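First up is the structure itself, then whatever we jot down about it.
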Amino acid sequence: MKAAESLSAAASVEDATSRAAEVAAAHADAVDREGRLPTEVLDALRAEGLMGLLVPARHGGPGLPLRTVVNVCRRLSEACASTGLIYAMHQSQSAVAIQHAQNSDWLQGLLARMASGQLLVASATTEGATGGAIRSSACFLDPQTDGRLQLRKNGAVISYAPAADVFLVSARRAEDAAPTDQRLVAVLKDQIQLHAHAPWNPMGMRGARTDRYDLGADCGPEQVYAEPFSVHMSQTMLPTSHLLLGAVWLGIAVSALGRARAFLRHRNRGGAPLNPIANLRLAEGETLVQQFRGTLAACMALYEDADGPQTATERMVSYNALKVGASELVVRVTDIALRICGIQGYMEPGEFYLSRHIRDAHAAAVMVNDDRILGSLSTVVLGVPLNRDL
């Protein structure tokens with residue numbers, strides 16, 4: 001039985017997510033401590049049929065809406081942020097593969113394989129020569145005499161590469177093309193060679209294994225998406241990635257505040273004197289989480305209302321504002337949780353420690369750097385009206 005079929009036959013998405021989240025929670029500390037991929041959770045996600053949720057029914061998937069996937073991502077992130085991050089990046093890349101396959105037989109066939117095989121999709125869109133700028137490439141698609149294509153991308157930063165089945169790789173359309181004249185190509189794991197640099201040792205999101213590689217690929221021209229990469233970015237990758245990453249940061253905030261609430265309940269049951277300041281901080285944290293949830297929900301509704309009155313620029317500003325705002329809110333909430341838990345939140349191990357949450361939360365501002373986003377917004381916000389209707 002195919003995984004997508006087993007999902008509908010065995011349990012709902014909610015039940016499947018609960019089971020996967022239990023596995024994620026059980027291994028979260030070890031994944032963080034060892035800086036390793038959450039292989040147990042990835043196996044569970046595949047077994048539960050949760051990898052291909054966005055794949056349309058005509059290709060063998062359940063074709064569920066992005067809102068469902070965002071909620072799955074949040075729940076996984078509450079258990080293990082590294083797992084949530086991997087899932088978010090995978091689903092954003094899956095959305096690109098689905099939305100831009102057009103009439104290509106090979107790319108349409110890839111969607112069927114993503115559903116039946118529960119393939120994990122990774123992104124290889126950065127490169128050392130461009131300083132990590134996604135919308136610019138130094139490498140290029142190089143036609144060979146046998147009709148195939150080769151490309152060489154040096155210093156690419158790729159998350160969870162050892163576990164990925166498919167890589168969406170950006171490159172210049174041709175050797176004489178401008179750096180921004182890019183195409184995306186879907187490369188299978190047996191068509192790619194990855195030579196790792198010294199492994200990164202980040203302070204947070206350690207299980208995502210975001211390492212730097214020199215990448216070589218040999219593939220067919222049918223694996224290249226027809227539209228420019230800029231179209232993929234603006235129409236699909238930017239909105240879906242910010243919504244899904246927003247769910248990751250919300251999951252961290254909810255989990256951290258949940259530990260703080262559990263700490264206060266434990267303290268009160270133990271007969272300790274009431275701490276009105278801690279209760280006030282908990283209320284403040286809850287207010288921020290509700291603000292966070294409302295911002296994410298508003299952008300989710302904006303995404304679903306594709307034919308709404310908002311201009312493309314207004315939508316871009318909203319999605320980018322979500323990303324920057326979420327980066328700030330997750331740090332504020334985890335800080336509040338630490339203040340509530342005090343030394344119990346500061347020390348490891350223990351039921352209420354928060355170091356993993358705090359370290360993971362600080363990844364939000366530097367993964368797709370907030371300053372770079374604000375710099376891009378600074379050129380357009382003067383033309384976006386502030387008094388827009390709700």
Side-chain angles (χ1 to χ4, degrees), residues 3 20 24 31 35-55 61 69 73 76 80-98 100-101 106-107 109-127 134 139 151-171 184-197 199-200 202 205-219 223-225 229 232 236-237 240-241 244-245 248 367-368:
V31 165
R36 65 170 177 85
L37 288 168
T39 52
E40 302 89 349
V41 196
L42 296 177
D43 289 343
L45 290 169
R46 289 187 171 102
E48 296 287 356
L50 292 170
M51 288 295 198
L53 294 184
L54 293 175
V55 178
V69 174
C73 187
L76 292 173
C80 172
S82 290
T83 296
L85 179 63
I86 292 172
Y87 192 76
M89 298 176 74
H90 157 74
Q91 292 293 0
S92 178
Q93 296 304 300
S94 296
V96 172
I98 293 164
H100 301 279
W106 194 94
L107 295 173
L110 176 62
L111 302 183
R113 294 170 66 179
M114 286 166 53
S116 63
Q118 293 293 291
L119 303 185
L120 178 62
V121 187
S123 169
T125 54
T126 60
E127 169 171 24
I134 293 177
C139 67
L151 66 91
R152 299 289 180 266
K153 182 187 282 275
N154 295 325
V157 177
I158 309 174
S159 297
Y160 56 90
D165 302 299
V166 183
F167 298 80
L168 298 190
V169 186
S170 60
L184 199 65
V185 55
V187 184
L188 305 178
K189 65 180 178 181
D190 60 357
Q191 298 176 319
I192 204 164
Q193 305 85 43
L194 295 173
H195 302 284
H197 293 204
W200 287 12
M205 292 296 188
R206 291 171 54 76
R209 284 298 307 272
T210 303
D211 295 320
R212 189 179 295 274
Y213 298 88
D214 293 335
L215 178 157
D218 184 321
C219 60
Q223 295 173 236
V224 180
Y225 291 86
F229 179 56
H232 305 168
T236 309
M237 194 176 295
T240 59
S241 65
L244 288 159
L245 289 175
V248 175
M367 293 183 57
V368 189

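It should be emphasised that the depicted structure is a prediction, and the values quoted were computed from it without experimental measurement. Residue indices begin at 1 and follow the sequence shown. Only heavy atoms go into these numbers, but all of them, side chains included; no hydrogens, no water, no symmetry mates.
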Problem set entry | Flag side-chain contact, heavy atom, 4.5 Å: I98 against L111 | yes
For this session: Check side chain to side chain donor-acceptor pair (under 3.5 Å) between S241 and all other residues, then give those that pass, not counting sequence neighbours.
Result: none
Seminar exercise, completed: When every non-hydrogen atom of L244 is compared with those of S92, the smallest separation belongs to CD1-N, 3.6 Å
Exercise. Backbone N or O of G155 within a donor-acceptor pair of the D214 side chain at under 3.5 Å?
Worked result: yes
Exercise. Which atoms form the tightest heavy-atom contact between G207 and S82, and what is the distance?
Worked result: N-OG, 3.0 Å
For this session: Decide yes or no on side chain to side chain contact (heavy atoms under 4.5 Å, CB included) for C139 and R152, but give the supporting numbers first.
Result: CA-CA 6 Å; C139 67; R152 299 289 180 266; 5.7 Å; no
For this session: Give me the one residue out of V157, I192, L194, N154 that meets side chain to side chain contact (heavy atoms under 4.5 Å, CB included) with Y213.
Result: L194
Problem set entry | Worked check of side chain to side chain donor-acceptor pair (under 3.5 Å) between T210 and S159 | CA-CA 4 Å; T210 303; S159 297; 2.7 Å; yes
Problem set entry | Main-chain N/O of H90 paired to S94 side chain as donor or acceptor, under 3.5 Å | yes
Exercise. To the nearest 0.5 Å, how far apart are OG1 in T125 and CZ in F229?
Worked result: 5.0 Å
For this session: Report yes or no: do Q223 and Q191 form a side-chain donor-acceptor pair below 3.5 Å?
Result: yes
Seminar exercise, completed: Rounded to the nearest 0.5 angstrom, the OH-CG distance for Y87 and L120 is 11.0 Å
Exercise. With sequence neighbours left out, what residues match D165 under salt bridge (charged side-chain N to carboxylate O under 4.0 Å, His left out)?
Worked result: R46, K189
Problem set entry | Sequence-distant partners of T126, side chain to side chain donor-acceptor pair (under 3.5 Å), two or more places apart | none
Exercise. Are side-chain heavy atoms of E40 and D43 found at a separation under 4.5 Å?
Worked result: no
For this session: Using the side chain to side chain contact (heavy atoms under 4.5 Å, CB included) rule, pick out the option among L45, V69, L76 that qualifies with L50.
Result: L45
Problem set entry | Residue pair K153 / E127: nearest heavy atoms and the distance that separates them | NZ-OE1, 3.6 Å
Problem set entry | Heavy-atom closest contact (V248 atom, C73 atom, distance) | CG2-SG, 3.5 Å
Exercise. Does V187 reach the side chain of V166, with side-chain heavy atoms less than 4.5 Å apart?
Worked result: no
Problem set entry | Atom CZ of R212 with >12 non-hydrogen neighbours under 6.0 angstrom | yes
Exercise. Would a 4.5 Å heavy-atom cut-off, applied to side chains only, mark H100 and T236 as touching?
Worked result: yes
Exercise. Is the centre of the H232 ring less than 6.0 Å from the centre of the Y225 ring?
Worked result: yes
For this session: Identify the heavy atoms of V31 and L37 that sit nearest to each other, and give their distance.
Result: CG2-O, 4.4 Å
Exercise. Got L110 and L188 here, is their nearest side-chain heavy-atom distance under 4.5 Å?
Worked result: yes
Exercise. Taking atom CG of L215 and atom CZ of F167, what is their separation to the nearest 0.5 Å?
Worked result: 7.5 Å
For this session: Would you please say whether a donor-acceptor pair under 3.5 Å links the side chains of D211 and H197?
Result: no
Problem set entry | Between CE on residue M237 and CE on residue M89, distance to nearest 0.5 Å | 10.0 Å
Problem set entry | Spatial distance of atom OG1 (T240) from atom CG (L54) [nearest 0.5 Å] | 8.5 Å
Exercise. Of all heavy-atom pairs between L53 and Q91, which one has the smallest distance, and what is that distance?
Worked result: N-NE2, 4.4 Å
Exercise. So, R206 side chain and P202 main chain: donor-acceptor pair closer than 3.5 Å or not?
Worked result: yes
For this session: With rounding to the nearest 0.5 Å, note down the distance linking CD1 in I158 to CG in L168.
Result: 11.0 Å
